[in-house]
Each structure stands twice: as C-alpha cells, then as structure tokens.
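Beneath this line is the structure, given in structure tokens, with notes to follow.
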There are 2 protein chains.
Amino acid sequence: MRSAALRRTTPGRKDATHERIVGAAARAIRRSGYGGTGVAEIMKDAGLTHGGFYAHFASREAAEGLAALERVAGAAAPRRALPALLRAYLSRAHVEGVETGCAVAALGSEMPRQAPGVRRAATRRIKEMIDLVARQSPDWGRPGAHQHALVTVATMVGALVLARAVDDPQLSDAVREAALEHLTP
Amino acid sequence: MRSAALRRTTPGRKDATHERIVGAAARAIRRSGYGGTGVAEIMKDAGLTHGGFYAHFASREAAEGLAALERVAGAAAPRRALPALLRAYLSRAHVEGVETGCAVAALGSEMPRQAPGVRRAATRRIKEMIDLVARQSPDWGRPGAHQHALVTVATMVGALVLARAVDDPQLSDAVREAALEHLTP
DNA sequence: AAAGCTATATGATGACCATCATATGCGCTC
DNA sequence: GAGCGCATATGATGGTCATCATATAGCTTT
C-alpha cells in the first residue's frame with residue numbers, strides 16, 4: 001500500500017513502527033485527551049489500521065502509559081538558558097501547538113484520574129521539568145533555589161493552561177506576556 | 001421511591017431538580033472529566049435515573065455547557081483578603097477536593113477541545129477569577145496591578161494542577177507551600 | 001376523591017469502540 | 001525463485017453509552 005516506508009519483516013523494523021505508534025499516541029492524547037483518544041485515532045495517525053495495534057501493546061491503557069513517557073518537547077528539549085526557555089515555553093506558537101507541546105500543560109488536569117503507571121510517569125516528567133529550570137536558574141545552588149524553581153514551573157504551566165483555555169485571543173496574549181515579563185528579569 | 005424529597009409536580013420543583021442535576025453534573029465533570037462523564041453518572045449523583053435527563057436538557061453537551069457555568073468554590077466564593085484566599089486555594093484540602101474545588105484547575109487542560117459554549121463559560125470564569133484577585137490586591141488601581149493579577153492567577157492554577165497531578169505527597173506539599181510563600185508577602 | 005397533567009422511570013435502539021481471531025502479503029532464506 | 005515467517009489488515013463480537021418512546025405515579029384541581 002505504501003511505497004518504501006513500509007518494509008514488513010526487516011529485523012528491527014518492528015521497533016521503528018512501535019516508536020511511531022507511541023509518538024502518534026502521544027500526539028493524539030495531547031490533542032484529544034486521555035479518555036477521548038481511541039485506538040483507531042492513534043493508528044490512523046501512525047499510518048496503520050486499528051487491528052495491528054495489539055501486535056504492539058496489550059491494551060489501550062498500556063500504550064497510554066508508554067505514551068506519557070514519550071519525550072515532551074517543552075519539558076525536556078532545550079538546554080538553552082532560562083530566558084530563552086521561557087520565551088519558547090510562553091510563545092504563541094506553543095499555545096497553539098497543543099499536539100506537540102508540553103504534555104504537563106496539555107494533560108495536567110486529567111492526571112488525578114489516570115492509572116497509577118501514567119501518574120508515575122507524569123510525576124517523573126514534572127520532576128525533570130523542575131530540575132531543568134532549577135539548574136538553569138542564576139542562583140542554582142543557593143538556598144531557596146529549588147523552591148523558586150517550583151514556583152517558576154507552576155507559573156509556566158498555569159499560564160500556558162490559561163492561555164490555551166481561554167477563547168479570547170487578547171486575554172490569551174495578555175496572560176502569556178504578563179507571565180513572561182514576570183519571570184524574565 | 002424516595003420519601004419526602006421527591007415531590008413530583010409542585011410548581012417550582014422542577015427547577016430545583018434542574019439545579020440539582022446541574023450541580024451533580026458540575027461535580028461529576030470535575031471528578032471524571034468532560035469526556036469521561038456519562039449521563040448515567042450525573043443522574044445517579046443527582047439521585048435520579050438516566051432517562052429523566054432529557055426532560056431537562058436537550059443533550060449531554062447542553063448540560064455540560066451549563067455545568068461549566070456552575071458556581072466554583074475556589075474561584076468565586078471568598079470575599080476575604082488576598083492572603084486568606086491564597087491559603088484556601090493552596091490548601092491541602094483543596095488539592096484533595098477535586099470534585100468541589102476550582103473548576104479551572106480541574107478542567108483547564110481539557111478546555112481547548114471543548115465546544116464553543118463551554119469555552120465561553122470558562123473564559124468568563126477565568127476573567128472573574130482574575131478580577132477577584134486584582135480587586136483584593138494591595139496595589140489595586142495602580143498601573144501593572146492587572147498584569148500582576150494575571151501572573152498570580154497563573155501561579156495559583158499551575159500550582160494546584162501540579163500538586164494534584166503528582167503522585168508524590170511530598171512534592172505535592174512542596175509545590176503548594178512554595179507557591180503560597182511566594183505569593184503571600 | 002377522581003381525573004388529568006407532568007415529572008421521573010423503564011426499557012429499547014443504534015452508534016461507537018476495544019479487543020481478538022483470522023486473513024493477507026511482503027522480504028528473507030534456501 | 002519458491003516457500004515461509006511475521007508484521008499488518010480485515011472483519012466479527014461484545015460491551016458501553018447517548019438518546020428516545022413509552023409507562024408509571026404523585027400533586028392539583030374540581
């Protein structure tokens with residue numbers, strides 16, 4: 001059906017498809033939420049059909065646990081300094097790019113009702129995000145630096161959630177910009 | 001079936017039931033999310049059965065739009081001064097009381113994919129929350145006060161979302177307390 | 001106190017979805 | 001270059017859920 005992209009049995013190719021499915025699941029879940037994402041949607045996103053899903057995962061839940069572990073653009077990517085990270089995190093592009101952006105903001109309020117495995121993965125991601133911010137903070141090492149990172153992350157996530165939730169573009173921009181100015185000295 | 005609570009046709013009683021259903025829907029939605037809340041769950045919460053739902057609402061979506069408008073404890077309630085409001089909002093009780101707490105934190109990351117009516121209602125709630133904080137801020141009226149309120153609300157919501165998302169009680173408390181100390185001077 | 005109006009209950013229907021059994025067809029091996 | 005093994009596709013099945021048609025029962029009016 002597809003041309004060259006779809007070798008069938010070459011050793012190691014299954015793993016590639018597997019990762020493609022996980023990536024598609026991560027995107028679909030951020031787009032449609034945990035409950036709203038069906039197996040069919042995930043597989044269509046990966047360019048496959050729903051039946052083949054179970055050659056890779058035991059159940060939908062298993063896949064969602066993994067997908068939560070998927071690399072999170074906003075949380076893990078940039079090694080730049082804090083101001084640049086903040087500008088990227090609080091950019092209009094990130095507000096509009098729910099599907100590929102920070103999963104903590106996209107799924108945060110759904111976490112309390114997720115399966116334990118999913119919550120564990122989310123907790124790990126959140127800790128990574130806090131550590132990332134803490135290490136890039138100017139007073140890294142001083143007392144209170146960790147607390148300060150907690151607050152910074154809370155403000156980042158809260159501002160992104162609000163800027164996305166609201167259907168008023170002016171308010172959305174105002175939230176982003178107020179948070180950005182507050183956080184960048 | 002029930003004893004005295006269930007008069008059938010007394011004028012005005014339908015409205016009371018109606019409000020009971022809206023309240024039940026608001027709780028159920030905060031508990032189970034927008035997609036995860038079924039008509040049966042809402043009606044059971046209201047002490048009725050699923051069929052009667054359609055005597056009150058045209059569809060599930062219609063009810064959900066209304067439920068989003070429902071008064072939100074954390075967002076609309078207290079007229080006290082800012083520090084008291086913050087202590088309540090960032091209390092452990094509020095972290096644990098998803099069902100009756102702030103709907104913005106409980107549903108924020110689900111908002112981008114909701115129906116227009118729901119988003120409009122959410123936007124109004126968020127604006128009310130911002131105004132509430134702005135009015136109670138000590139520098140109410142001075143330039144920048146509104147921007148400052150935006151940041152305060154973002155930090156409040158973000159901290160609550162994170163404290164609830166995480167499955168590590170210590171981290172949950174740390175986020176709450178760091179945000180609280182940062183916001184109360 | 002009987003009849004009628006109307007709020008709620010019961011049960012049916014059709015859609016959607018996760019899961020699984022089985023079919024198909026691509027490359028690798030000989 | 002023919003057959004075989006394995007990844008993916010197809011189609012079936014059972015469960016869940018929203019919606020609706022119809023049944024029931026309590027208040028109200030006379």
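Every chain is numbered from 1 and lettered A, B, ... according to where its sequence line falls, protein lines coming before strand lines. Predicted model, so just to flag it, every value in this text is computed and none were measured. Both backbone and side-chain heavy atoms feed into the values below; hydrogens, waters and symmetry mates do not.
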Checklist entry - What integer distance in Å separates B:K44:NZ from C:dT8:C1'? => result 18 Å
Next on the checklist: Tell me if a side-chain donor or acceptor on A:R31 pairs with a main-chain N or O of A:V98 at a distance below 3.5 Å.
Outcome noted: no
Next on the checklist: Check this for me, if you would: do A:R113 and B:E110 make a salt bridge, where the nitrogen-to-carboxylate-oxygen distance has to be below 4.0 angstrom?
Outcome noted: yes
Checklist entry - Taking atom CD of B:E99 as the centre, does the number of heavy atoms from other residues, nucleotides or ligands within less than 6.0 Å exceed 12? => result yes
Checklist entry - Take atom NE2 in B:H148; do more than 12 heavy atoms of anything else shown fall under 6.0 Å from it? => result no
Checklist entry - Are any side-chain N or O atoms of A:S137 and backbone N or O atoms of A:V133, one a donor and one an acceptor, separated by less than 3.5 Å? => result no
Checklist outcome for this item: Each nucleotide of nucleotides 15-20 of chain C classed B (base within 4.0 Å of a protein heavy atom), S (only sugar-phosphate) or -, in 5' to 3' order, makes ---SBB
Next on the checklist: In this structure, how many angstroms lie between the P atom of D:dA25 and the CG atom of B:L48, rounded?
Outcome noted: 16 Å
Checklist entry - Using a cut-off of less than 4.0 Å, is there contact between a side-chain N or O of A:T17 and OP1 or OP2 of D:dT8? => result yes
Checklist entry - A:S172 side chain to A:D168 main-chain N or O, any donor-acceptor pair under 3.5 Å? => result no
Next on the checklist: Output the rounded distance in Å from CE (A:M43) to C1' (D:dA7).
Outcome noted: 10 Å
Checklist entry - Does B:H18 have a side-chain nitrogen or oxygen under 4.0 Å from the phosphate oxygens OP1 or OP2 of C:dA7? => result no
